[in-house]
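Basis for what follows: all heavy atoms, side chains included, without hydrogens, waters or symmetry-related copies. Each chain gets a letter, A, B and so on, in the order the sequences are listed, and its residues count up from 1.
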There are 2 protein chains.
Amino acid sequence: MPRPSQPLLSRQRIVEVALRIIDEEGLAALSTRRLAADLHVRAPSLYNHFATKEEILDAAGDAVIAAVDISMFGPREWPEALRQWARGYRAALARHPNNVPFLAGGPALRPAALRLADAVYGALLDAGWSRSYATRIGATMRYFVFGSTLGPFALGFVVDPFGYAGRYPHLTDAHRLRQHREQVDGGAFELGLGTLIDGLVRLYDQTVVKS
Amino acid sequence: MPRPSQPLLSRQRIVEVALRIIDEEGLAALSTRRLAADLHVRAPSLYNHFATKEEILDAAGDAVIAAVDISMFGPREWPEALRQWARGYRAALARHPNNVPFLAGGPALRPAALRLADAVYGALLDAGWSRSYATRIGATMRYFVFGSTLGPFALGFVVDPFGYAGRYPHLTDAHRLRQHREQVDGGAFELGLGTLIDGLVRLYDQTVVKS
DNA sequence: GTCTATAACGTGATAGAC
DNA sequence: GTCTATCACGTTATAGAC
């Protein structure tokens, strides 16, 4: 049966299933054959909807970013808006950790990612920051959010405690980090976020409000 | 010629050439065949020196981390040591940007990466920070350094100015970011680094030195 | 035993004909 | 949409020169 009367595929269905495979089994598990199989279809059929596999990854990545809330810009004061946005951004990425390496490359031309960049930059300009500062603040926040989701600290160490014993005197408990994963990475994120925003408020009072 | 009198390969030569290929043409360009060709050898020969391609990547990654200076811990006060270490860390990663995605996964069992983690954690403990804070500070610094090299902000936008015009009102100049690449990313890094360390000093005075 | 070469397997992305 | 085909990949098996 070369072709059914109703199309089996759509860009949306493909992206949904691709995202599920990436979430459950990792980026490496997403092959065109595997994706097609889960859609009850053969691999080449995907090319009727996307030009390359890269395009599918782009779409899946943008779906992750599209879930980031930006409604706090405007109603809220900029420091609190920035804090809430960063938390939501991190949470959205943390929900799809296997996708983060791909997203880390930057917004490129993905619409949701550009909408995000535009919102933050615009909010900082509205608050009175110069273009130069707004750019650097946006970049700094991006560094921090991506860093915190890309290489979750607690997962970077190996489970085997004997891997570290002796040679690295201070890492004797490193293998236990995994057990406190969210406490460690969540705590580190909040520590850094609070520190950054407090510092920016201080800078704001010195440079923007020079009253 | 099945076997030359002098071995053509060594782990070190393989790592050197692999690193060069990754630097010049990207992670994706490193295939076993390509690597072997540059070494004037066939791909399977590599397996006499490394069990898998992953092992080659591990070794190349660790060579990058091995270049990070940690001699400032000890002689220097912790805030200044932390600042210098972060700058050196970022610089070492920036010298091999195509390797950063791989390194972002964490130290695992790579010796140089573990030595680094051990040094920072130990220095923070020596300064009087609690284990809990030392862990979170190390993680925060790691987030920031990796975020800043992994997705260089200025390279995340596309060159074509028409890609953004109209739809994203504040991004009209985003395509120009690439021209000021080092200014933008270097400025954002210094802004965030200074803010983080100032904040940590303040926290230190409140929690550790509670005089 | 050590280090290479050749050949081959299985899987990947993707192009073209139907 | 399917099928067939191409080419690159990581890796293994095996054989032969030092």
Revision key, fill the gap. Given protein heavy atoms under 4.0 Å, the one-letter contact record of nucleotides 3-13 of chain D, with B base, S sugar-phosphate only and - none, is simply BB----BBBBB
Review point. Can you check whether A/H49 has a side-chain N or O nearer than 4.0 Å to OP1 or OP2 of D/dG1?
Key: yes
Point to revise | Whole-Å gap separating P (C/dT14) and CG (A/L35) | key: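 The distance from CG of A/L35 to P of C/dT14 comes to 12 Å, rounded to the nearest Å.
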Practice item. Mind calculating the distance between CZ (A/F50) and P (C/dA15) to the nearest angstrom? Key: 15 Å
Check your understanding: About how many Å separate NE2 of A/H170 and CG of B/D126, when rounded to the nearest 0.5 Å?
Key ->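 Going from CG on B/D126 over to NE2 on A/H170, the span is 5.5 Å.
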Check your understanding: Do any pairs count as a salt bridge (charged side-chain N to carboxylate O under 4.0 Å, His left out) and have a residue in residues 26-37 of chain B, sequence neighbours left out, and if so which ones?
Key -> B/E25-B/R34, B/R34-B/D38
Review point. Applying salt bridge (charged side-chain N to carboxylate O under 4.0 Å, His left out), which residue pairs with at least one partner in residues 73-89 of chain B are found, sequence neighbours left out?
Key: B/E80-B/R83, B/R87-B/E190
Taking only residues two or more places apart in sequence or in another chain, which ones pass salt bridge (Lys or Arg N to Asp or Glu O under 4.0 Å) with [X]?
{"X": "A/R181", "result": "A/D185"}
{"X": "B/E55", "result": "none"}
{"X": "B/E54", "result": "none"}
{"X": "B/D58", "result": "B/R110"}

Review point. Heavy-atom contacts under 4.0 Å between residues 16-26 of chain B and DNA chain C, which residues?
Key: none
Could you tabulate the donor-acceptor pairs under 3.5 Å formed by side-chain atoms of residues 146-159 of chain A, not counting sequence neighbours?
from   : atom 1 : to     : atom 2 : distance (Å)
A/S148 : OG     : A/F144 : O      : 3.4
A/S148 : OG     : A/V145 : O      : 2.8
A/T149 : OG1    : A/V145 : O      : 3.1
A/T149 : OG1    : A/F146 : O      : 3.3

